[in-house]
Amino acid sequence: MTKVTTHQAEEDARNDQILIYVDGRIVPKAQAMVSVYDSGFMLGDGVWEGLRLYDGKWAFANEHLDRLFEAAKAIDLNIGKTRDQVMTALLDTQKANNMTTDAHARLMVTRGVKHRPFQHPGLSRSGPTFVIIMEHSKPKIPRPITLATVPHMRGLPMTQDPKLNSHSKLNCILACIAAEKAGADEALMLDVHGFVNTTNACNFFIVKHGQVWTSTGDYCMNGITRQKVIDLCRTNDIPVFERNFSLVDTYSADEAFLTGTFGAQTPVGRIDGRTIGTGELGPMTERLRGLYKQLVENA
């Protein structure tokens with residue numbers, strides 16, 4: 001079976017020539033570098049946010065900036081920019097790259113360059129490092145995603161809160177590796193009670209008897225696309241539940257899909273070797289895709 005990921009995109013030669021924002025300068029890709037003493041490189045000490053460009057508009061930019069600034073405050077990181085300045089940097093990078101649609105931006109903020117190569121945050125004395133990578137990126141997933149349940153769990157709020165989009169993603173990477181070793185595309189992760197939670201990269205939904213189910217949200221990323229899907233269900237009289245459910249419920253689902261900024265709604269065909277529904281894009285997922293597209297267009 002062909003290898004697929006939830007962030008698979010069409011090959012685009014223009015990405016070889018992109019310009020990247022690094023601390024106030026917009027430079028060619030080959031010149032976009034940070035110090036080996038940077039807190040993000042050395043310790044994963046930073047936060048990030050992903051945004052998508054649709055027809056000249058950055059979808060739900062206010063919600064994404066809210067999440068970025070909330071995460072920075074949570075880890076006591078001063079971004080060093082106002083919201084308006086962050087948005088200006090995003091728009092300047094977009095203009096420099098002449099991008100109008102089907103682009104993905106990753107905003108990354110770290111605690112900056114360290115004075116010495118150790119953990120204490122006080123050793124980061126140069127102020128924050130702020131980078132924007134913007135690529136031409138049109139999703140191209142040739143078939144529904146396959147998942148494998150893994151032993152790795154998203155962290156508890158008192159360890160590494162899963163609602164932090166931090167640079168420390170090793171837990172999710174290990175989950176993804178375990179899933180690939182099991183022959184799947186990505187990992188399905190349970191919560192601390194053994195209920196179905198999230199994947200290593202996206203939020204997770206199932207459809208059963210015309211109802212849309214997702215986790216309680218207590219142990220997963222507070223996904224913006226996740227919330228938009230929940231809101232769309234409520235607005236369009238589609239029964240939707242944030243609840244605990246098990247793998248038994250999941251295997252017998254009529255449909256399953258993932259949500260995320262990059263892929264919006266991505267169908268899941270198989271989980272732990274079990275075919276979900278028909279194994280193809282289901283009618284509810286297709287309907288929600290259409291509603292989401294309209295939402296983006298009207299935003």
Side-chain angles (χ1 to χ4, degrees), residues 6-7 39-40 43-52 58-79 81 83 86 104-111 121 128 130-131 147 150-176 186-206 212-234 240-245 257-266 292:
T6 52
H7 293 94
S39 302
L43 293 162
D45 183 5
V47 292
W48 62 275
E49 194 63 40
L51 294 91
R52 275 202 75 74
W58 291 99
F60 315 120
N62 284 331
E63 288 98 324
H64 284 284
L65 292 188
D66 283 345
R67 194 167 64 177
L68 179 68
F69 276 85
E70 287 167 6
K73 186 172 184 179
I75 67 168
D76 200 29
L77 169 60
N78 181 358
I79 290 178
K81 295 181 184 295
R83 287 174 64 101
V86 170
H104 193 82
R106 190 177 182 102
L107 281 64
M108 296 173 283
V109 191
T110 78
R111 209 174 299 273
F130 191 96
V131 172
L147 302 176
V150 299
H152 307 79
M153 296 181 292
R154 287 292 178 100
L156 285 165
M158 70 285 271
T159 54
Q160 185 172 323
D161 196 316
K163 290 178 171 51
L164 278 177
N165 240 355
S166 79
H167 281 218
S168 307
K169 301 296 287 185
L170 185 58
N171 184 46
C172 296
I173 292 166
L174 290 173
C176 188
E186 295 204 358
L188 184 61
M189 303 172 76
L190 307 181
D191 68 21
V192 294
H193 305 292
F195 295 114
V196 172
N197 184 16
T198 182
T199 75
N200 58 276
C202 299
N203 291 115
F204 179 76
F205 287 76
I206 63 172
V212 176
W213 295 7
T214 192
S215 72
T216 62
D218 294 334
Y219 304 103
C220 68
M221 186 69 203
N222 50 334
I224 291 168
T225 310
R226 174 187 187 271
Q227 189 59 52
K228 296 298 179 187
V229 166
I230 292 169
D231 294 344
L232 283 169
C233 287
R234 291 173 177 158
V240 61
F241 300 93
E242 295 176 86
R243 56 172 294 179
N244 289 323
F245 59 95
F257 63 92
L258 312 178
T259 61
T261 299
F262 179 85
Q265 296 80 34
T266 302
Y292 183 79

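When reading the values below, keep in mind they use all heavy atoms of this one structure, side chains included, and skip hydrogens, waters and symmetry mates.
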Between Asp191 and Met153, what is the shortest heavy-atom contact and its length?
O-SD, 3.4 Å
Thr110 to His167 - nearest heavy-atom pair and separation
CG2-CE1, 3.7 Å
Mind checking whether Thr199 and Leu258 have side chains closer than 4.5 Å, heavy atoms only?
yes
Among residues two or more places apart or on two chains, list those pairs meeting salt bridge (charged side-chain N to carboxylate O under 4.0 Å, His left out) that have a residue in residues 218-233.
Glu63-Lys228, Arg226-Glu242
To the nearest 0.5 Å, tell me how far Glu49 CD sits from Arg106 CZ.
9.5 Å
Side chain to side chain, Phe257 and Val229, heavy atoms closer than 4.5 Å:
yes
Spacing of CG belonging to Asn203 relative to OG1 belonging to Thr261, to within rounding of 0.5 Å
9.5 Å
Pair Ile230, Phe205 - check side chain to side chain contact (heavy atoms under 4.5 Å, CB included), show working.
CA-CA 10 Å; Ile230 292 169; Phe205 287 76; 4.2 Å; yes
Should Leu107 and His64 be marked as a side chain to side chain contact (heavy atoms under 4.5 Å, CB included) after you check the CA-CA gap, both sets of side-chain angles, and the distance that decides it?
CA-CA 10 Å; Leu107 281 64; His64 284 284; over 6 Å; no
Passes side chain to side chain contact (heavy atoms under 4.5 Å, CB included), Arg83 versus Asn62? Steps please.
CA-CA 9 Å; Arg83 287 174 64 101; Asn62 284 331; 3.5 Å; yes
4.5 Å side-chain heavy-atom contact, Leu174 and Val150:
no
Measure the CZ-CG distance between Phe69 and Leu77 for me, rounded to the nearest 0.5 Å.
10.0 Å
Specify the closest pair of heavy atoms between Asn200 and Glu186, including all atoms of both residues, with the distance to one decimal.
OD1-CB, 3.4 Å
Indicate yes or no for a side-chain donor-acceptor contact from Arg111 to the backbone of Asp76 under 3.5 Å, with no hydrogens or angles considered.
yes
So how far is it from Ile206 CD1 to Phe245 CZ, rounded to the nearest 0.5 Å?
4.5 Å
Please tell me if the side chains of Trp213 and Val196 come closer than 4.5 Å, counting only heavy atoms from C-beta onward.
no
Taking all atoms of both residues into account, what is the closest heavy-atom pair of Cys220 and Thr198, and its distance?
CB-CB, 3.9 Å
Checking Tyr219 now: which residues fulfil side chain to side chain donor-acceptor pair (under 3.5 Å) with it, not counting sequence neighbours?
His193
Just wondering, do Phe130 and Val86 contact through their side chains at under 4.5 Å, heavy atoms?
yes
With heavy-atom distances below 4.5 Å as the criterion, would you say the side chains of Pro128 and Ile79 are in contact?
no
Go through it in stages, so that I can follow the logic: the residues are Leu232 and Tyr292, the test is side chain to side chain contact (heavy atoms under 4.5 Å, CB included), and I'd like the CA-CA distance, side-chain angles, deciding distance and then a yes or no.
CA-CA 7 Å; Leu232 283 169; Tyr292 183 79; 4.0 Å; yes
Do you see a donor-acceptor pair shorter than 3.5 Å between the side chains of Ser168 and Gln160?
no
CG of Asn222 to CD of Gln227, rounded to nearest 0.5 Å, is 9.5 Å
Hey, is the main chain of Ala264 close enough, under 3.5 Å, to the side chain of Thr259 for a donor-acceptor pair?
no
Check: Lys169 side chain, Gly44 main-chain N or O, donor-acceptor pair, under 3.5 Å
no
Hey, does Gln265 have a side-chain heavy atom less than 4.5 Å from the side chain of Thr225?
yes
Heavy atoms of Leu68 and Trp48 approach each other most closely as CD1-C, 4.1 Å
So which atom in Arg154 and which in Cys172 form the shortest heavy-atom distance, rounded to 0.1 Å?
NE-SG, 3.3 Å
State, yes or no, whether a side-chain contact exists between Asn171 and His152 at a heavy-atom distance under 4.5 Å.
yes
